Amino acid sequence: MPVLDRFLRYVQIDTRADEASATCPSTPGQLTLQRLLAAELEDIGLTDVTLDEHGYLMATIPATVARLTPTIGFIAHVDTSPEMPGDHVKPIVHEAWDGRDIVLPDDPTAVLRASEHPDLAAQVGHDIVTASGTTLLGADDKAGVAAIVAAAEHLIAHPEIPHGPIRIGFTPDEEIGRGANRFDVARFGAVCAYTLDGGNCGELEFESFSADVLRVTFVGFNTHPGYAKGRMVNAIKAAARFVDRLPQDRLSPETTADYDGYVHPYQMDASVDRTTVRVLLRDFVTSGLREKQRLVERIAADAAAATGTRVEFQVDEQYRNMREILDGHPDVVERARAAIRRAGLTPIEKPIRGGTDGSRLSFMGLPTPNLFAGEHNFHSRLEWTSRQDLERAVAVIVELARVWTEPMSDIR
Ligand SMILES: [Zn+2]
């Protein structure tokens, strides 16, 4: 079955993740899609197809070569972002797109213009796929899911293509940061894996932020405001002073790009008695993360001293730069570069200004860089992909399977 047909079916199943849910997966729709995928993988001829009670689907494409070849994995997530409606997605294929504005029918204010989207402008003549204007499309990450299933079908239909054992993993709840939580690395049993969860054709990502969240709590003293003279200490004013003194023209999300990290106050829980500001700390090197933490703590301590409040800090680790692990496994990235080239594309390598499930999986013992799957404008009504993007993602997976049977000295 063509990869586009698979994709169009998967996006019509509502798999929106829900941060408020305590269950795993967070929503039942994800299980609905996983059950469908399990049945499809069995039909195609994969072995060891298992769907566990937490909604993790794993399966194996058996090897076609007898010699010992390492087991590798391909991973995608079945959930979609909670930030946008994801039910009743109506995918539209704009065949052989002529470059004109694409007006989405269910909301004519939702318009994709080549002038505003250079990635789209590069795809004139391709079959562009969008939603209908009121929902996301779900290419993030059903493009990755569809590409992996289609590649599995291709490999099983072509036993003449040499490859070792290949494991497939479809995970829930990536969009709410829980995708790696219950991923059983030992049961997956691969030496490395690739997430198919990226944008433009040729993209290969193996560096991510290192990330902490710092909770800064100002403790004041509350009393009836009518009789507060000389007694009240307002924690809200301390927090306001603190936020105002954070760097404005540097070290902020609004003023940084590429390899520059930032500190970002993003949530405040305020009362006179006690005000907590949550601050995201981001840097590509973990020592830079510590520096940013010290800077924020110094500014907070000054604000506390100036306002007569007390300040408390709590730092929690979120994830670490996958490069710290992948530098120890250079062949994992080198083989991906080779596969992208053999598929006729140019590798595009850039750091991820965020984290992926691969960041966490890499530190859990499964080195996992990220590959493109043709996701554009994700988490938006203007999300789109193309049939050609999906087909190229399939081609890269197939080439990568083959590349892993070759000695490193032959990889170019
Ligand atoms: Zn994704």
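Any value given below was found using the heavy atoms of this structure, including those in side chains, with hydrogens, waters and symmetry copies removed. Every number for a ligand or one of its atoms is a count from 1 in the order of the listing. Just so it is clear, the structure is predicted and the values come from calculations on it, not from any experiment. Count residues from 1 along the sequence.
When all heavy atoms of Arg178 and Thr23 are compared, the closest pair comes out as NH1-O, 4.0 Å.
In summary, the side chains of Asp173 and Gln30 do present a donor paired with an acceptor at a separation below 3.5 Å, with no hydrogens or angles considered.
The ring of Tyr262 has its center closer than 6.0 angstrom to the ring center of Phe209.
Protein N/O/S atoms found under 2.8 Å from the Zn ion (ligand 1), listed by chain and residue number: His77 NE2, Asp140 OD1, Asp197 OD1, Asp197 OD2.
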Show which side-chain atoms of residues 234-247 pair as donor or acceptor with protein atoms under 3.5 Å away, not counting sequence neighbours.
residue : atom : partner : partner atom : Å
Asn234  : OD1  : Ile236  : N            : 2.8

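Looking at His117, its side chain never comes within 3.5 Å of a backbone N or O of Asp119 through a donor-acceptor pair.
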*Take Arg274 and Glu312 through the test salt bridge (charged side-chain N to carboxylate O under 4.0 Å, His left out) and record every step on the way to the result.*
CA-CA 10 Å; Arg274 220 180 148 79; Glu312 298 167 357; 3.4 Å; yes

